[in-house]
Amino acid sequence: MMMERPVAAAALSSPSEHRGATGPLGVAGKALRMRETGLILIILALFIAMSFASPYFLTWTNMRAMAMAFAVEGIVVVGMTILLISGGIDLSVGSVTALAMVIAGLLFLNGMDPWLASAIAIAACTATGAIMGFFVTRVGLHHFIVSLAVMVIARGLCLLGTGGRPLGLYELPESFKFIGQGSIGPIPVVLVVFVVVVVAFDFMLRRTTMFRKVFYTGSNPKAAAYSGIQTKQVIFATTTLCSALCGIAGIIYMARFGSAQPTFGIGMELNVIAAAVIGGASLSGGTGTIFGAILGTILLSVVSSSLALLDVSVYWQDIIRGSILLSAVTIDHYLNKRRG
Amino acid sequence: MSADAAQEPILKITGLVKSFGPIRALRGVDFELRRGEIHALAGENGAGKSTLMNVIDGILAPDSGTIELDGQVVTIKSPAMAQKLGIGFVHQEIALCPDVSVAENIFMATTNSSRAPLMNYAALQARAADILRRLGDIDPAAMVRTLSISQQQLVEIAKALTLDCRVLILDEPTAALTEREAKVLFEIMHKLAAQGISIIYITHRMAEIFANCDRVTVFRDGQYITTMNVAETSPGAVVSAMVGRVIDELYPVKQRPEDRSDEIILDVRALTEASRFRDISFALSKGEILGLAGLIGAGRSEIVKGICRLEGEVTGEVRLAGRLLALRHHGDSIAEGLVYLSEDRKGDGLFLDMSIASNVSALRLRQVASAAGIIDDGREAAQAQRLGARLNLKYGHVGQPVSALSGGNQQKVAIAKMLSVDPKVIFLDEPTRGVDVGAKAEIHRIIRDLASRGVGVVVISSELPELIGVCDRVLVIREGRIAGEVSGEDMTEDRIIYLASVGNDQQQVA
């Protein structure tokens, strides 16, 4: 706060100093690019270190396992990032992902075509998001509380529907399992779906008027309303979109595992939020990129995989993941301070 | 006050330097405050006034230089220490806890440093009542949320006065006050000065300096320029010292009455919103600048926001160039060309952390996008550059975040945002609040330029000289109704104040 005036004075007195130095994206864009470059360097460093530390790390099997792991979660990260940018948050992502599996699984076991069952499950997840959006925008409750309640309710529904036991879906046709287990050439289908989702949303978020409104709304909801933007509609849409993407992720998981697991995704929200925040999304809205968030996802997944290969206890893994999140946010805080 | 003038200074600052990275906010400034004087500190935004005050209050540590309080060199390490030394600072922005009582707010600092495990509410309220008696009629048990802005300001002053205050710093305290509320504040300031408290008064407003202060010190670009006895100088001289050049004409030339167009752009009839305003009817002709005057809480902003469908459920008719409008929400209003410049540019006018370009384009994104809704960065940047040039915006590049600009330039971005949609009618709510003298004159010129291009302009301002200087006609609003209209010779401060407040003394509390 206190530094604002002198800085502003400097900007006033020497405009030519800045001109053309940072291109059309400007200071904010440059900072984002810096972050993304930083994340890529850290990921590369980890790769190099791990390839020396473990002979299994750079094997095809391990790379494939890692890609499968982050790809599906990455779809949820996309939804979460967009929601965070609009100023919201969703704690129910893990439960809603499991709910998609359970609904599709139950319908399939009752004789429904797996594709139709999946479509219904995704629709149900979308509806769940719409219900959350209703409570947030119409009733006026906070995202945190609404999604916390839905997290518990959705998990309860999963357990209720399955009696708490995983549903074995041995009869799933190969054509369906293909989306979770198959490969196109050497590339897993999951990864292809993931890349398509990421590229599409990254482009839309950066370039379309529709998603620009998400940034305006998150950056300053009142100023957005004063600019004629229907902020409630925007928040309703981002909330619904996040749950819809959870639904899609849930179906891919089901195809991959060949089963529906009611307890799947417990604690997933933390991982997903951490990835988005490491990648530059702010909990106070208005900032974030899909590309950054995906790098955050990859980083967390490389770390998990490395720790597993190094035989580090699972308990330590949580501690290390939490510490990475804390350091990323702390570094970000200081970078922001210096920029402001 | 001038009787004490020969005395030793209570506060003496010598050669103070403070840098932020490469930026030198204070380049060795001197400042001297005498006992019991009201000393104005003037200077444009970025001149170093706030930085100096933050050093005196212990918020910032100086790089070099000395502060002498009562002849003793002191190092002020924190605001708490400043308070112990008898320095009270009333910040420009009100920082009270809205859901806590007035008394608890006043004694926040003492409660914080007290060792008593329990709150003694009765004693707290009694002591608060003691202090508030010096300032006006405020209930110490009231929740701060229920007070008006001016009353909250007084609570801030009460907070600063608790701890045997010797030096009181007031940073633009009248920015959010009406003329009348400001008058009450000045009376209080004089009373405090008479009790021997020295006051540093920071303001942009010349009239306030010349009506209330003993001396004035001017800073420019982090440097001390001069200190003058108010009685021996003129507003012109102070302004020239502030900007480093001569400002000849503050207000642009008005429309001549014979040039007044018969063409009505905006016609408002019987606009009513149950609890806030009633039966508002007026017409705005082409090329005219219409002012809305009134006390805070009279309903000026509410009326304008009602017309633009920003808030509230309004009834009544709004015609644009003769055509009856049916607006459902503010988006419709913008689509029709009715735009509103918010009085609070940081709170609801701008996206501070976003770029200049994306701020300017926010009202009508499709102008810079393809039919499929893909934003063209080049077109977006060009739009910001074009409007920036028209408004003489000073910036590095259009990708800069708006937060990096000075107040006046931020306001220009907010105006550029409005102009991006080629508005037919533009409502400007306090268009020069918190901008410096130079930018203020420029904004006045921009407003006149808009009107002469055929845009209907409505200006709300709490600064009467501004309304009188800029507007062709002024409507005075009192308690949600039009109390009168003034124009030409009739347009004087006295007349407007009379219309705004006549026969109604509860107004102030509204």
Side-chain angles (χ1 to χ4, degrees), chain A residues 1-31 203-213 215-233 282 284-287 336 338-340, chain B residues 19-25 45-48 50-51 54 59-60 221-222 310 329-335 340 342 347-358 361-366 369 372-375 377-378 381 394-401 403-407 409-410 417:
Chain A
M1 267 305 278
M2 296 314 150
M3 297 185 49
E4 214 171 82
R5 286 184 183 187
V7 170
L12 237 173
S13 56
S14 57
S16 57
E17 231 171 63
H18 301 274
R19 188 167 294 142
T22 47
L25 268 172
V27 179
K30 195 178 175 191
F203 174 80
M204 288 195 287
L205 203 56
R206 278 185 298 108
R207 296 293 300 280
T208 62
T209 55
M210 191 167 61
F211 281 96
R212 173 66 74 75
K213 290 176 186 172
F215 279 98
Y216 288 141
T217 302
S219 174
N220 184 346
K222 227 175 152 197
Y226 277 36
S227 301
I229 293 164
Q230 306 275 68
T231 52
K232 285 185 176 177
Q233 288 178 10
S282 150
S284 51
T287 53
N336 265 324
R338 208 183 315 155
R339 253 185 283 146
Chain B
S19 301
F20 300 101
I23 296 141
R24 299 180 64 200
N45 286 337
S50 294
T51 310
N54 286 326
I59 296 170
L60 297 173
D221 297 332
L310 262 166
H329 51 77
H330 187 54
D332 285 352
S333 162
I334 292 171
Y340 170 74
S342 157
D348 48 38
L350 292 168
F351 307 99
L352 287 174
D353 50 354
M354 295 179 75
S355 70
I356 296 172
S358 46
S361 63
L363 253 43
R364 200 175 283 163
L365 274 171
R366 62 187 150 79
I374 312 293
I375 294 171
D377 290 342
K394 303 218 177 64
Y395 62 101
H397 54 85
V398 295
Q400 249 181 323
S403 56
L405 302 176
S406 68
N409 281 302
Q410 286 184 3
K417 194 175 148 193

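Quantities reported herein were computed from a predicted structural model and do not represent experimental measurements. Letters A, B, ... are given to chains in the order of the sequence lines, protein chains preceding strands, and every chain is numbered from 1.
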Checklist entry - Between Ser333(B) and chain A, which part of the residue has a heavy atom less than 4.5 Å away: side chain, backbone, both or neither? => result neither
Item to check | Inter-residue atom distance Phe215(A).CZ - Met354(B).CE, 0.5 Å rounding | outcome: 7.0 Å
Checklist entry - What residue in Ile374(B), Ile356(B), Ile334(B) has the most heavy-atom pairs under 4.5 Å with chain A? => result Ile374(B)
Checklist entry - Side chain, backbone, both or neither: which part of Phe203(A) has a heavy atom under 4.5 Å from chain B? => result side chain
Next on the checklist: Using a 4.5 angstrom heavy-atom cutoff, name the option from Ala223(A), Gly286(A), Pro221(A), Ala225(A) with the most pairs to chain B.
Outcome noted: Ala223(A)
Checklist entry - Distance only, no hydrogens: is a donor on one side chain within 3.5 Å (strictly under) of an acceptor on the other, for Tyr340(B) and Ser227(A)? => result no
Next on the checklist: Quick one, Leu365(B) and Tyr216(A) - any side-chain contact, counting heavy atoms below 4.5 Å?
Outcome noted: yes
Item to check | Closest non-hydrogen atom pair, Ser219(A) against Asp353(B) | outcome: OG-OD1, 2.6 Å
Checklist entry - Looking at Gly349(B), Ser358(B), Ser342(B), which makes the most heavy-atom pairs under 4.5 Å with chain A? => result Ser358(B)
Next on the checklist: Under 4.5 Å from any heavy atom of chain B, what part of Ala224(A) do you find: side chain, backbone, both or neither?
Outcome noted: both
Checklist entry - Where is the tightest heavy-atom contact between Gly228(A) and His330(B), given as atom of each residue plus distance? => result N-CD2, 3.6 Å
Next on the checklist: Could you check whether any side-chain N or O of Asn220(A) sits under 3.5 Å from a backbone N or O of Gly347(B), counting only pairs where one atom can act as donor and the other as acceptor?
Outcome noted: yes
Checklist outcome for this item: When rounded to the nearest 0.5 Å, the distance separating CD1 of Ile375(B) from CE of Met204(A) is 13.0 Å
Checklist entry - Is it the side chain or the backbone of Leu363(B) that comes within 4.5 Å of chain A heavy atoms, both, or neither? => result both
Checklist entry - What's the spacing between Arg212(A) CZ and Ser361(B) OG if we round to 0.5 Å? => result 5.0 Å
